[in-house]
Amino acid sequence: MRMSTTARLAVTVAATTVFATMPEAGAGAAARTPEPKAPRAFVALDSVDPTILREMRYVSAHNFVGERIDGYRQAVCILTRPAAEALHRAQTRLLSQGYSLKVYDCYRPQRAVDHFVRWARDLADERRKAEFYPRVEKSRLFEDGYIAEKSGHSRGSTADLTIVPLPALPAPPPAPGQEAVPCYAPQAQRYPDNSVDMGTGFDCFDTLSHTDDPRVQGAQRAHRDLLGSVLAAEGFVNLPEEWWHFTYKPELFPDTRFDFPVSRRSVSGHRP
């Protein structure tokens with residue numbers, strides 16, 4: 001039975017709320033030492049479009065590092081206002097087709113990038129290799145371009161996204177051993193996600209993640225093409241090495257990388 005747009009939106013908003021209510025870590029330390037706030041050009045995405053789903057991976061331990069990443073205080077997507085408004089327009093197009101956008105990451109503070117760099121240099125820490133980079137030696141992460149000392153995410157107009165079919169049901173809990181299944185395995189075998197099948201999971205350090213890899217065909221190719229075409233129509237440019245990575249152009253801050261924490265406090269009082 002087809003759900004009405006209103007019903008689908010209700011399910012979507014409910015699913016979004018699950019991710020948005022995670023408690024802020026390190027609040028006591030932040031109170032003692034004032035943190036920088038975002039410029040007024042930044043907003044929380046859900047203040048522009050509350051229907052876009054969020055699964056903010058770096059607030060949790062389910063990421064390639066295996067722990068919560070520095071600077072991620074709350075599961076909130078922060079973007080420059082033009083980027084957030086463009087995602088709202090893309091979401092409107094997708095909702096009419098029975099899908100919703102979902103973000104895995106948005107603005108990323110420089111301290112988080114520094115965390116990635118420290119982790120990549122610690123060759124003994126391979127807790128999440130089996131899932132996220134099974135075919136890549138950790139010693140090659142910098143050389144192969146998977147880790148860098150600077151990220152476009154820190155400029156505030158880049159987001160990592162996928163598509164979720166409506167109604168947006170939550171992903172089931174992982175089965176025993178699924179955290180060791182390669183990110184490029186068939187969707188039914190790898191770590192569960194409520195998104196459509198894109199051929200790999202998010203943050204899969206593998207050439208299969210390249211947007212136009214010719215080995216990705218059928219429904220997986222159609223899903224990548226749908227995500228790319230909807231976002232391109234609203235001004236986003238894809239990073240060819242990552243099907244999930246899109247930057248809104250022109251960027252408000254093309255030469256500035258920020259380091260305010262990912263929390264609602266960083267954009268408190270900012271209105272779209």
Side-chain angles (χ1 to χ4, degrees), residues 25-26 29-30 33 35-39 41-42 56-80 83 103-161 183 200-211 236-263 266-267:
T33 305
E35 291 276 15
K37 291 192 68 173
F42 284 81
M56 308 301 289
R57 286 288 184 88
Y58 302 137
V59 179
S60 75
H62 183 228
N63 58 63
F64 60 85
V65 176
E67 63 191 23
R68 189 171 185 157
I69 304 303
D70 290 354
Y72 285 84
R73 302 276 175 75
Q74 290 178 307
V76 56
C77 169
I78 296 174
L79 289 168
T80 57
V103 291
Y104 293 114
D105 192 36
C106 301
Y107 157 75
R108 181 183 304 165
Q110 182 61 44
R111 70 190 77 180
V113 180
D114 295 342
H115 191 167
F116 292 164
V117 170
R118 291 194 306 273
W119 166 82
R121 289 174 175 159
D122 180 3
L123 300 184
D125 183 355
E126 293 191 331
R127 283 173 286 174
R128 304 313 310 276
K129 178 176 174 59
E131 180 182 0
F132 288 98
Y133 53 107
R135 296 194 286 213
V136 180
E137 292 302 317
K138 193 175 182 184
S139 60
R140 293 187 56 86
L141 292 181
F142 288 105
E143 183 177 354
D144 290 352
Y146 293 111
I147 299 293
E149 295 187 352
K150 303 294 182 183
S151 171
H153 281 272
S154 302
R155 301 193 296 262
S157 294
T158 296
D160 294 333
L161 304 107
C183 52
T200 77
F202 166 64
D203 262 355
C204 187
F205 295 177
D206 195 273
T207 54
L208 272 174
S209 294
H210 292 187
T211 306
F236 285 90
V237 177
N238 174 243
L239 179 68
E241 291 77 19
E242 299 177 349
W243 59 257
W244 54 82
H245 180 117
F246 292 85
T247 299
Y248 180 74
K249 301 286 187 175
E251 295 183 66
L252 278 187
F253 302 103
D255 303 311
T256 305
R257 292 179 173 86
F258 296 92
D259 195 37
F260 57 86
V262 178
S263 72
S266 293
V267 291

| remark: salt bridge (Lys or Arg N to Asp or Glu O under 4.0 Å) filter on R121, not counting sequence neighbours, yields E149
| task | Count the heavy atoms belonging to other residues, nucleotides or ligands that lie under 6.0 Å from CD of E126, then report whether that count exceeds 12. | result | yes
Please find out if less than 6.0 Å separates the ring center of [X] from that of [Y].
X: Y133; Y: W119; result: yes
X: F202; Y: Y104; result: yes
X: Y58; Y: F116; result: yes
X: Y107; Y: F253; result: no

I'd like to know if [X] and [Y] make a salt bridge, using a cut-off of under 4.0 Å between side-chain N and carboxylate O.
X: E137; Y: R140; answer: no
X: E251; Y: K249; answer: yes
X: R135; Y: D206; answer: yes
X: D125; Y: R127; answer: yes

| field | Criterion side-chain contact (heavy atoms from CB on, under 4.5 Å) against P261, the qualifying member of R73, Q74, K37 | value | R73
I need the [X] [atom1] to [Y] [atom2] distance, nearest 0.5 Å.
X: S151; Y: Q110; atom1: OG; atom2: CD; value: 8.0 Å
X: W244; Y: T211; atom1: CH2; atom2: OG1; value: 8.5 Å
X: D203; Y: D160; atom1: CG; atom2: CG; value: 6.5 Å

